[in-house]
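Only one structure is covered here, and it is reproduced in the block below.
All ligand and atom numbering here is 1-based and tracks the order in the structure. One is the number of the first residue; the rest follow in order along the sequence.
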Amino acid sequence: MILVTGGAGFIGGNFVLDYLANPKVAGLVNLDKLTYAGNPETLKTVEHDPRYHFIQGDIGNVSLVSDLLEKYAITAVVNFAAESHVDRSILGPSEFIQTNIVGTFHLLEAVRIYWEKLSTGSKESFRFLHVSTDEVYGTLSLSDPAFNETNPYEPNSPYSASKAASDHLVRAWHHTYGLPVVTTNCSNNYGPYHFPEKLIPLVILNAINGKSLPIYGDGQQIRDWLYVKDHCSAIRRVLELGQLGQTYNIGGWNEKTNLEVVRTICQILDTIKPKQNGSYADQITYVKDRPGHDRRYAIDASKIERELGWKPKETFDTGIRKTVEWYLANTDWTQSVLSGNYQNWIDLQYSSNAK
Ligand code: NAD
Ligand code: DAU
């Protein structure tokens with residue numbers, strides 16, 4: 001039985017669904033605070049699976065986490081829970097410090113106290129897998145090699161600084177207390193159940209709803225896109241085979257400028273859901289740039305391929321088409337997300353954002 005934190009979010013939700021799709025697994029406990037980013041709708045299909053246990057709560061609540069670890073005799077923890085949106089971290093960093101740093105600290109302490117009391121065999125096989133980001137490495141120029149696991153940490157946003165701090169805590173709990181940890185640093189995910197404050201789902205939904213497609217700055221920033229199901233399979237592989245104390249970079253080998261991404265989405269929509277007049281690309285609008293906007297991220301994912309035999313299955317072309325089709329076919333899910341609360345964020349972020 002494993003404990004997943006943040007399993008009602010985008011990546012955690014996909015992980016829970018994929019994990020339980022394997023009939024051989026014993027089950028999982030999903031601890032999620034259900035912030036604005038957590039959506040139980042994502043998990044509707046597993047709600048009644050007896051192997052699935054949902055607990056609403058905070059990773060920073062040591063007594064709750066301790067009780068769950070004991071009650072379910074947890075053998076591994078996968079920590080997805082975090083505040084994850086860079087723009088929100090710029091407008092209000094406090095929650096990012098609280099969950100990503102203080103919350104991770106409390107989670108690590110609860111897990112350490114539990115782990116120290118396990119029998120020798122259980123102690124050896126126990127794992128704490130911390131899910132982190134490529135943003136901790138900072139930004140690249142066009143000619144720099146992609147980030148590998150030895151790159152120095154140079155985070156630039158409140159979000160990435162808080163994730164970097166959490167990575168350091170995880171590392172220290174291994175070196176000091178021997179906690180059996182592994183950390184993964186992955187690039188930008190995309191795919192089903194992605195909250196539409198992030199570029200790809202925002203653009204798909206704005207396009208079909210006749211709204212503008214906001215491009216920050218000149219749109220030449222580069223991200224390295226990873227299909228979320230590939231990310232989930234990589235995490236399962238690291239959980240199974242990852243070496244203690246090691247970090248693994250996970251990426252899709254898909255570097256694209258933001259403008260390329262948005263134009264590709266428009267081309268797919270032009271083919272499968274054509275507008276009466278013109279192209280969806282006509283809705284592209286340039287808006288004010290993100291403060292401190294990192295220019296380029298790229299992941300060198302050769303260590304996980306070489307040492308653990310994992311590589312992504314999807315190319316950007318196959319993954320983005322599946323993603324656009326998923327959003328067109330799952331309007332119930334998108335309606336559940338496009339609530340008043342979501343609208344408040346869009347007003348705050350974009351109303352005064354014209355270039
Ligand atoms: P998300 O924002 O979609 O989901 C985060 C989930 O964590 C939500 O369900 C939320 O309710 C929950 N949560 C937040 N604070 C919590 C707390 N204090 N206690 C318990 N639950 C809490 O995030 P995501 O995009 O799924 O990202 C998951 C993880 O992967 C994060 O750690 C993020 O930093 C990392 N990551 C994400 C990406 C990406 O492209 N989305 C890329 C690299 C790394
Ligand atoms: O690199 C991994 C990171 O990817 C994760 O750690 C973060 O949790 C995740 O949110 C994501 O961060 P980004 O800032 O790269 O993702 P976002 O979708 O917010 O933005 C992608 C790019 O698109 C970025 O260069 C900003 C730009 N952008 C974004 C939005 C929302 C726009 O041009 N317009 C927009 O409206």
Side-chain angles (χ1 to χ4, degrees), residues 4-16 30-40 42-43 55-61 64-65 78-90 95-96 98-100 102-104 106-107 130-137 139 147 155 157 159-160 162-163 166-167 184-191 193-203 206 212-226 228 231 235 250-251 256-259 261-262 284-290 293-299 346 349-350 353:
V4 170
T5 70
F10 164 48
I11 306 173
N14 277 286
F15 181 85
V16 168
N30 176 10
L31 171 65
D32 195 300
K33 188 176 172 183
L34 294 183
T35 66
Y36 78 93
N39 188 354
T42 301
L43 300 158
I55 308 321
Q56 182 171 2
D58 196 314
I59 54 166
N61 183 339
L64 171 65
V65 175
V78 185
N79 182 30
F80 292 100
E83 289 293 333
S84 73
H85 188 29
V86 175
D87 294 319
R88 285 187 193 252
S89 83
I90 294 167
E95 281 301 311
F96 289 72
Q98 202 50 44
T99 284
N100 300 1
V102 181
T104 304
H106 286 307
L107 178 66
H130 180 62
V131 178
S132 191
T133 172
D134 58 2
E135 298 201 13
V136 297
Y137 299 122
T139 186
F147 300 126
S157 72
Y159 162 70
S160 53
S162 68
K163 290 296 290 186
S166 69
D167 294 8
T184 56
N185 295 84
C186 75
S187 60
N188 285 62
N189 283 223
Y190 68 105
Y193 306 109
H194 202 181
F195 193 75
E197 62 185 355
K198 309 281 172 74
L199 180 70
I200 287 182
L202 179 93
V203 163
N206 277 13
S212 62
L213 312 180
I215 305 273
Y216 295 167
D218 62 4
Q220 293 307 311
Q221 302 81 9
I222 293 172
R223 298 292 182 265
D224 183 352
W225 294 95
L226 171 67
V228 65
H231 185 196
I235 289 175
I250 307 172
K256 304 276 173 209
T257 67
N258 293 337
L259 207 49
V261 169
V262 174
I284 289 176
T285 316
Y286 290 86
V287 300
K288 218 162 56 189
D289 209 352
R290 173 185 280 173
H293 199 168
D294 284 338
R295 198 66 180 163
R296 174 177 167 237
Y297 304 141
I299 278 278
I346 295 296
Q349 171 69 1
Y350 295 97
N353 227 359

For ligand 1, the portion of [X] having any non-hydrogen atom under 4.0 Å away:
X	result
Tyr193	neither
Leu34	backbone
Lys163	side chain

What atoms of ligand 1 come closer than 4.0 angstrom to any heavy atom of [X]?
X	value
Thr133	43 (C), 44 (C)
Asn188	40 (O)
Gly57	19 (N), 20 (C)
Gly38	8 (C), 9 (O), 11 (O)
Val131	30 (O), 32 (O)
Ser187	42 (C), 43 (C)
Cys186	42 (C), 43 (C), 44 (C)

Is it the case that ligand 1 has an N or O less than 3.5 angstrom from some N or O of [X]?
X	result
Phe80	yes
Thr99	yes
Asp134	no
Asp32	yes
Asp58	yes
Thr35	yes
His194	no
Ser132	no
Ala81	no

Identity and distance of the protein heavy atom lying nearest [atom]:
atom	value
atom 7 (O) of ligand 1	Gly6 CA, 3.5 Å
atom 21 (N) of ligand 1	Lys33 N, 3.1 Å
atom 19 (N) of ligand 1	Ile59 N, 3.0 Å
atom 40 (O) of ligand 1	Asn189 N, 2.9 Å
atom 41 (N) of ligand 1	Ile11 CD1, 3.7 Å
atom 5 (C) of ligand 1	Ala82 O, 3.4 Å
atom 4 (O) of ligand 1	Gly9 CA, 3.4 Å
atom 1 (P) of ligand 1	Ser84 OG, 3.5 Å

Carboxylate-amine/guanidinium proximity below 4.0 Å for Glu95 and Arg88: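 Looking at Glu95 and Arg88, the cut-off is not met.
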Asp218 with Arg295: basic N within carboxylate O range, under 4.0 Å: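 Yes, this pair counts.
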Shell of residues surrounding ligand 2, defined by a 4.0 angstrom heavy-atom cut-off that is strict: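 These residues qualify: Ser84, His85, Val86, Thr133, Asp134, Glu135, Tyr159, Ser187, Asn188, Glu197, Lys198, Leu199, Leu202, Pro214, Ile215, Tyr216, Gln221, Arg223, Asn258, Arg290, His293, Tyr297, Tyr350.
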Quick one, Tyr159 with Glu83, criterion side chain to side chain donor-acceptor pair (under 3.5 Å). Give me CA distance, side-chain angles, the key distance, then yes/no. CA-CA 8 Å; Tyr159 162 70; Glu83 289 293 333; over 6 Å; no
Looking at ligand 1, does [X] have a heavy atom less than 4.0 Å from it?
X	value
Gly103	no
Gly7	no
Tyr159	yes

Any chance you could lay out the side chain to side chain donor-acceptor pair (under 3.5 Å) test for Tyr216 and Asp87, step after step, and finish with the verdict? CA-CA 11 Å; Tyr216 295 167; Asp87 294 319; 2.8 Å; yes
Is there side-chain contact between Val86 and Asp294, with heavy atoms separated by less than 4.5 Å?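 No, every pair of side-chain atoms sits at 4.5 Å or beyond.
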Determine, step by step, whether Asp134 and Ser187 satisfy the side chain to side chain donor-acceptor pair (under 3.5 Å) criterion, reporting the C-alpha distance in whole Å, the side-chain angles of both residues, the deciding distance to 0.1 Å, and the verdict. CA-CA 5 Å; Asp134 58 2; Ser187 60; 4.7 Å; no
To the nearest 0.5 Å, tell me how far Ile90 CD1 sits from Phe96 CZ.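 Interatomic distance, Ile90 CD1 to Phe96 CZ, rounded to 0.5 Å: 9.0 Å.
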Do side-chain atoms of Lys33 reach the backbone of Gly6 as a donor and acceptor pair under 3.5 angstrom?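 No.
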